[in-house]
Amino acid sequence: MNSESEMSKGVSGKMKKYLQMGIWCFSLLIFVGYVLVWIVRPTNIFYLQWFPDIEAKADSVFFGEQGTIILIYTFPILLIATLAGLYLHLEQKRSNHNSESKGRFLGLVSWKRPLLTKGPLGIITMTELSFAIMFVLLLIWTFCSYLHSMFASAAQDAAKERDQVWEVKLEYSAIALGLVGNICLALLFFPVTRGSSILRFIGLTSEGSIKYHIWLGHTAMILFTAHGLGYIIFWYKTHQILEIFKWNKVGVSNVAGEVSLLAGLIMWAATLPSIRRKAFELFFYTHYLYIVFVIFYVLHLGFSSSCVVLPGFYLFMIDRYLRFLQSQQKIRLLSARVLPCEAVELNFSKNLGLSYAPTSTIFINVPSISKLQWHPFTVTSCSDTDPDTLSVVIKSSGTWSNSLYQNLSSSSSSPLSHLDVSIEGPYGPGSTFYSRHELLVLISGGSGITPFISIIRSLVFKANTEGGKTPRVLLLCAFKKCIDLSMIDLILPVSATSTTFDVSRLQLQIEAYVTREKQPDMNDKRLTQTSWFKPNLLDEPVCEILGKNSWLYLSIIISSSFILFLLLIGILTRYYIYPIDHNTDLIYPNLSRSSLSMLFICVSIAIVATSAFLWNKKQNKDLGQIKSIYASDQSTSPGSGYYNADKELGSLPLQSLVQTANVHYGEKPDIKKILSGCDGSSIGVLVSGPRKMRHEVASICTSCSTDDLHFESLSFSWSSLSMLFICVSIAIVATSAFLWNKKQNKDLGQIKSIYASDQSTSPGSGYYNADKELGSLPLQSLVQTANVHYGEKPDIKKILSGCDGSSIGVLVSGPRKMRHEVASICTSCSTDDLHFESLSFSW
């Protein structure tokens, strides 16, 4: 029976693996097509061939003009996000929560090594640089292509509008800058979607992708600011400055665009390092203006055009609403260890089914300090060694953290009995790589040691239980003062026992450096204190917002909410907007259309996400069991108040890890010398600490002539294999589009050959009578067949009223006044026979 069971599990595992491969290939194919659309978008191939064909098939009375754009730009990304969730769900079931990544592609190691270690962009790998170059090339290609298309008719349009050519070109340049900025905006929200299935699918984390959000934000604001300034200058030079105050019923709304740009500029100014570091609260609160920015951006362009950038924001809204649901629940805080170095370790109750990888992070909110501020902290506990608790360490270094420390260490005579805390997360990498190395060198500065605590605990658990080979660990930690050495003891969890946490089984060497003191302070007798909090039946343990099958539920939420949104927008368009646009003399205003569309998105996400959340909460039966355990054991748990934590640590194999560490006083670590002296075929170098330290370590690893050192910065996470696939895909798509366009362009070669062969018979250089050339045509002059009316203007309304036919296409090309007049006549017509099209340049 056992052999049959193992065989069935093996077959099931292979099926899941093949299904995952199919999902990966299909998603990659969709992504390649999506990138191809962005590359071809500014060309005539897209607007004259592809887009009209798709529009003819997709545009309907149910979805209106936004149906085509949703199909091209929104649907592919949401489909990839849904498939990514299914992929991660299968991976989770297949690996059985094993966080160790298997396999190593040695040929791609060089792509992951730091290439640039100095500069404003920080540490840049070869993969990042390749991806950034291709992205910049896409922006340049898009901008140049738009300008090439628009400038071709600049002289003609300037003559029609009675403007100067450079003024028209300035307007077109402003349009092109705005269109290029949409590319950055389309990607802006992906890095800040913490629970994104797409980021996890390609091996990234939100914490490690924040710098991409920063890069994209700066680029987008530069482009949008130039877009706005270009239009202001154009309006001023052409004496149309009142255009600034126009909010058109149909088309682009200038006022909305200005409000959106103003909100963006305020956010942008608050991101300056001098403001963000000295006034973090100002930076934090001004970033809520993104809501104003997005809403007025949609009102500026209209919902149809905004669907180009909808996917990223749609997934961000789902993630943000799920985080909102999770944040409404207060979390059970078990205890707090207050360290002499003005740091505190918070220990929360955790659902037994919650599993997370080392270096994961959570966001914490303490309403008694600030109801709006959420701060990220690295999880120091390990889900293997601490199955029912989750811990974080918070160093007092700012206004918020200092207030928390003062509240917990205020006075032993009046200790806190309870503290309300809300949590979002945990968020972290899907897999780790630590066991693949022969030696792990962990380099930390100050509170940067906290990510390494969970790594060491995980390796200790593996050495104690699995009996497998674990790497040797060299911990290099630098502190300013002797009192900070107490943070080393946090490696030992309070809940550890000698049978599950024997540190001696791990080859751990600790080298501690105290940089500002030359000898230990023997007069400082402060000890670590622990405060236990009274249980509250309304508090809950930390758990995943959507339970064990969170990725599956996320896929259901994405797909179901999008289908519900399409149903709502389809019903609205078919039975309300479409009759107004086609059966009356009115045009449904863009303001109402965009507002209702945004409302439907919010309603769809709220309904589906809330239903999934409540369903999962109903299925989570462990919560009641944990509550009953705490209620029954309340009398036996440590009471509220302070006591010496050494009593708890006395049962551990090592009472204090500081005693086993080699402490160096009054000096900084010579990292280059230490790394040069490390031996091993594969040495993983991880660094967590100040920016200067990270850059120094990266520079050392880069300058090393051997491939033994594998650098990793815990401020950034990357999967070189996944992103290499993306970079290669973009390169293939760009090359394919270029070659396809070149292949389709046959007219140029034909014209050249005709000119070459007919050079002797063709008219020479100079002027000649065109009538001689036209003599061979059936009609020597079409003017002779035309009805010419002298001294009068055409009565367009009368002419159109006299036209008969079931479908009459009305095309107009000329001055702005003429276009508006014809459009007004077609709009006021009571029948559906007239179909208006303006040949002026519009986007």
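What's counted below: heavy atoms across the whole structure, side chains too, no hydrogens, waters or symmetry copies. Note that the numbering runs from 1 along the sequence shown for the chain.
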Surrounding CZ of Phe75 (heavy atoms of other residues, nucleotides or ligands, distance under 6.0 Å), is the total greater than 12? no
Where the side chain of Arg200 meets the backbone of Gly428, is there a donor-acceptor pair that is under 3.5 Å apart? yes
Taking atom types as modelled, find out whether Tyr356 and Ser454 have a side-chain donor-acceptor pair closer than 3.5 angstrom. no
Side chains of Thr142 and Arg41 in contact at under 4.5 Å (non-hydrogen atoms): no
Would the number of heavy atoms belonging to other residues, nucleotides or ligands and lying under 6.0 Å from OH of Tyr288 be above 12? yes
Among Phe283, Phe284, Tyr285, Tyr290, which residue meets the ring pair (Phe, Tyr, Trp, His ring centres under 6.0 Å) test with His287? Phe283
Heavy-atom side-chain contact between Ile423 and Phe377 under 4.5 Å: no
Main-chain N/O of Cys307 paired with Thr74 side-chain donor or acceptor, under 3.5 Å: yes
Could you verify whether a donor N or O on one side chain and an acceptor N or O on the other, from Gln373 and His375, lie under 3.5 Å apart? yes
Distance alone, cut at 3.5 Å: any donor-acceptor contact between the side chains of Asn182 and Tyr297? yes
Less than 4.5 Å apart, side chain to side chain, heavy atoms only: is that true for Ile362 and Glu424? no
Please verify the inter-ring angle class for Phe316 with Phe189; under 30° counts as parallel, over 60° as perpendicular, anything in between as tilted. tilted
Check Lys211 with Glu128, please: is the shortest side-chain N to carboxylate O separation under 4.0 Å? yes
Given side chains that start at C-beta, do those of Ile683 and Val685 come closer than 4.5 Å, heavy atoms only? yes
Plane angle bin for Phe201 and Tyr87 - parallel if under 30°, tilted between 30 and 60°, otherwise perpendicular: perpendicular
Check: Ala81 main-chain N/O paired with Ser197 side-chain donor or acceptor under 3.5 Å: yes
When you compare the side chains of Ser260 and His300, does any donor N or O come within less than 3.5 Å of an acceptor on the partner? no
Residue pair Ile214 / His218, side-chain heavy-atom distance below 4.5 Å: yes
